[in-house]
Amino acid sequence: MKNQIQFREKRDPLINSGFIAIILCLIFRILLMKIIGAEGVAYFAPVNEVFILCIAFFNIGFSEALSNMMKYRIKREQYRNAHRIFRIAYTLTIGLSVLVAVLIFIFNNFITEAVFLQHLSKMALLMIAPAIVVMAFTCLLRGYFKGMGSPYPSTHSLVVEQIFTLVLGSFFAALFVTYGEKVAAVLRDNSFALSYGALGAAFGITLASIIALLHLLVIYFMYRGTIKRQIYRDSTRQMETPGYIYQSLLFAAVPTGVFVVLYQLNNLIDQRLFYYYFNKLTEENSYIFTKAEIWGNYYGIFLVVTGILTACVSMIFMKAVRTISTAWLREEQPGAREKLMQTITSMAIMAIPIAVMIAVLAFPIASLLDIANDEITVKLLQSGSVLIVLYAFSYFWFDLLKQFKRTFQMLVLAGSALAVHILAIIGIMQFINNAEQLILGVIAGNIVGALFSFVLGFILVMRMLKYQGEMVNKNLRTVVITLLCSAIIGLMALFLSRGIINLVGPAVTLLVCLTVSIIAFFVLMMLLRGLTFNELDRIPGGQYLIRLGRLFRFYG
């Protein structure tokens with residue numbers, strides 16, 4: 001095919017490091033569940049979300065704006081202008097991050113008691129404030145190195161930060177919770193011990209942030225002489241004014257930063273709504289589980305399992321976004337459209353069976369993690385595994401819109417999806433009379449919001465790429481066959497797991513069920529002609545599946 005675009009390309013180191021960082025961050029939350037339990041994770045959750053929101057704003061907003069503006073000038077050897085942009089971005093970033101930290105210090109009580117509805121998060125929130133300032137500067141340096149044409153310091157910095165977060169956060173959580181037990185014994189309230197554990201985790205994050213900053217500063221000062229020589233040799237006559245740079249930076253950074261905040265805000269809002277309705281229902285009744293225990297399982301297990309799998313699916317197809325946008329800019333529209341549909345179909349083939357397997361194997365997964373309150377975890381995984389599919393596609397739509405610089409559409413999509421998400425949760429909560437079932441209402445609201453994001457994102461992307469309806473219909477058969485095969489292997493795995501889990505344990509049960517299900521899925525897909533050669537070739541290990549298909553004469 002003339003306009004066919006090759007799928008296999010060299011991996012972007014930033015994509016790989018970002019994926020590793022996400023996985024390490026999520027594993028850290030599982031370790032925290034082991035150390036401070038679900039209740040302790042619930043105290044840590046809103047603090048961690050505030051930290052993630054702030055860093056996402058600076059990293060996606062100011063860091064990327066700085067990187068893009070510097071790249072443009074470095075290519076034209078305007079080193080003095082590039083350095084001036086860095087200095088002004090530094091002033092803006094440090095000023096904003098210090099303002100956020102000061103506001104956290106001043107309004108700490110109000111934030112934890114009125115916003116979080118969790119006063120035991122106070123100490124951890126105070127501890128995380130300095131880390132916001134440190135990480136804001138770290139994000140800026142990452143953007144600086146990317147702008148200078150060297151992404152590797154940024155990739156190494158991401159991994160270094162998360163490794164030290166994992167190690168130091170876990171270590172200090174365990175250390176502080178031991179000290180907190182003494183305080184709890186005096187106050188006769190074990191919650192204080194877990195609160196100190198959350199404080200230790202926040203302290204570990206702060207130390208990891210400092211180490212990540214020092215790592216980049218060392219690299220910066222190593223190359224400072226080279227940078228100075230470039231600036232000295234620069235013969236640029238027309239210097240950009242500070243006012244123009246400030247305006248350009250803000251116009252480039254703020255809309256993207258706001259979009260990230262809107263997209264990442266749902267966990268904080270979900271916890272606030274869950275706690276609010278839980279408090280209302282428990283005024284007259286008592287329940288087996290506390291709100292912190294339920295939310296800790298949701299945040300520390302459910303969001304981690306679905307988050308890791310969503311990240312895996314998204315990472316595999318992230319490079320396709322650039323391929324599509326590059327083809328479109330080269331006016332290879334048929335090839336770009338074909339590549340888009342190939343990617344959508346491949347994502348469905350991967351994400352749908354994963355979601356089904358998580359739902360049917362929820363009990364072995366919960367047993368393997370060996371976390372208290374397994375019954376909560378099982379219900380969450382069974383009811384919310386579909387979010388893996390919806391979130392993976394939503395991230396894909398957002399990446400496409402971002403690559404095409406459709407900032408307004410991104411803001412509309414993120415804002416409207418968040419509004420639908422909130423309204424759905426509030427509406428669903430009105431009909432729930434059991435406090436312990438409220439967490440299922442949170443998941444239902446997430447599904448409604450993610451489904452809205454999936455549909456609206458699909459419409460926006462199709463309109464942007466001027467897609468024809470017949471191209472969608474051509475690949476609909478594969479998606480339908482994928483759903484059918486996923487349902488069949490789901491039933492197989494369900495009965496198989498129930499039959500052997502008491503004999504061999506959860507670990508072996510998962511291994512056996514996943515192995516049998518993966519083989520059965522691809523055999524069924526080939527038998528029903530749900531996979532073409534091109535689709536098989538894009539799947540890891542696809543060449544072996546093609547040989548298997550030819551061996552059993554599924555293909556000619």
Side-chain angles (χ1 to χ4, degrees), residues 53-104 106 129-130 132-151 153-154 157 213 216-217 219-221 223-264 401-412 414-415:
L53 277 175
C54 294
I55 301 315
F57 178 82
F58 289 113
N59 193 42
I60 306 297
F62 281 92
S63 179
E64 289 202 5
L66 171 66
S67 173
N68 293 331
M69 291 178 67
M70 286 188 64
K71 278 180 183 177
Y72 179 83
R73 287 148 184 85
I74 294 296
K75 285 181 180 179
R76 290 156 180 78
E77 297 185 351
Q78 297 178 6
Y79 299 106
R80 292 167 66 190
N81 279 331
H83 189 67
R84 178 172 288 190
I85 291 169
F86 172 64
R87 286 188 300 171
I88 291 175
Y90 165 79
T91 304
L92 273 174
T93 302
I94 297 301
L96 284 173
S97 62
V98 169
L99 176 62
V100 171
V102 170
L103 290 175
I104 287 175
I106 294 173
I132 293 173
V133 179
V134 174
M135 280 305 301
F137 187 33
T138 303
C139 291
L140 195 70
L141 283 175
R142 289 170 182 167
Y144 173 81
F145 284 115
K146 286 163 61 180
M148 293 293 289
S150 179
S154 301
S157 173
L213 176 59
L216 286 181
L217 284 175
I219 298 174
Y220 175 79
F221 284 111
Y223 291 96
R224 194 176 181 183
T226 304
I227 295 167
K228 283 185 175 180
R229 286 192 293 271
Q230 289 175 335
I231 295 172
Y232 180 76
R233 291 197 302 266
D234 185 6
S235 59
T236 303
R237 296 181 180 179
Q238 187 176 0
M239 297 299 295
E240 298 176 25
T241 64
Y244 173 76
I245 295 174
Y246 273 111
Q247 182 181 359
S248 301
L249 267 172
L250 290 172
F251 272 104
V254 172
T256 308
V258 171
F259 153 72
V260 173
V261 169
L262 289 174
Y263 199 67
Q264 296 286 339
L401 293 172
K402 181 183 174 185
Q403 195 69 25
F404 279 87
K405 302 186 186 306
R406 301 299 177 93
T407 306
F408 177 73
Q409 286 90 334
M410 288 167 57
L411 289 172
V412 169

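Positions are given from 1 along the sequence.
The shortest side-chain heavy-atom distance between F137 and T93 does not fall under the 4.5 Å cut-off. Residues L53 and F57 fail the side-chain proximity criterion, which asks for heavy atoms closer than 4.5 Å. Residues L140 and F86 form a side-chain contact, since some pair of their non-hydrogen atoms from C-beta on lies under 4.5 Å apart. Two residues are said to be in side-chain contact when any heavy atoms from C-beta on lie closer than 4.5 Å; L92 and L250 meet this criterion. Counting only heavy atoms from C-beta outward, the side chains of L216 and Y144 never approach each other to under 4.5 Å. Counting heavy atoms from C-beta on, the side chains of F259 and I60 never come closer than 4.5 Å.
Residue L66 comes nearest to G143 through the heavy atom pair CD2-C, 4.1 Å, listed as atom of the first residue, atom of the second, then distance. In terms of heavy-atom proximity, I55 sits nearest to A136 at CD1-N, 4.3 Å. Closest of all the heavy-atom pairs between A101 and V133 is CB-CG2, 3.8 Å. Listed here is the closest heavy atom pair of T138 and S157: CG2-OG, 4.0 Å. Heavy atoms only, all atoms of each residue included: I88 and P242 are closest at CD1-CA, 3.8 Å.
The structure places CG of N81 at 6.5 Å from CZ of R73, a figure rounded to the nearest 0.5 Å. Annotation: the span from S248 atom OG to Y72 atom OH amounts to 11.0 Å, rounded to 0.5 Å. With values rounded to the nearest 0.5 angstrom, S63 atom OG is found 9.5 Å from N68 atom CG. Taking CD1 of I85 as the start and OH of Y244 as the end, the distance is 8.5 Å to the nearest 0.5 Å. Interatomic distance, CD1 of I104 versus CD1 of I132, reported as 3.5 Å (0.5 Å rounding). Between Y90 atom OH and H83 atom NE2 the span is 11.5 Å, to the nearest 0.5 Å.
When each of V261, L262, T256 is checked for a side chain to side chain contact (heavy atoms under 4.5 Å, CB included) with V258, only L262 meets the rule. The side chain to side chain donor-acceptor pair (under 3.5 Å) test with E64 singles out one residue from K402, R142, K146, and that residue is K402.
Legend: residues meeting salt bridge (charged side-chain N to carboxylate O under 4.0 Å, His left out) with R84, ordered by chain and number and at least two apart, are absent.
More than 12 heavy atoms of other shown residues, nucleotides or ligands fall within 6.0 angstrom of atom OH in Y220.
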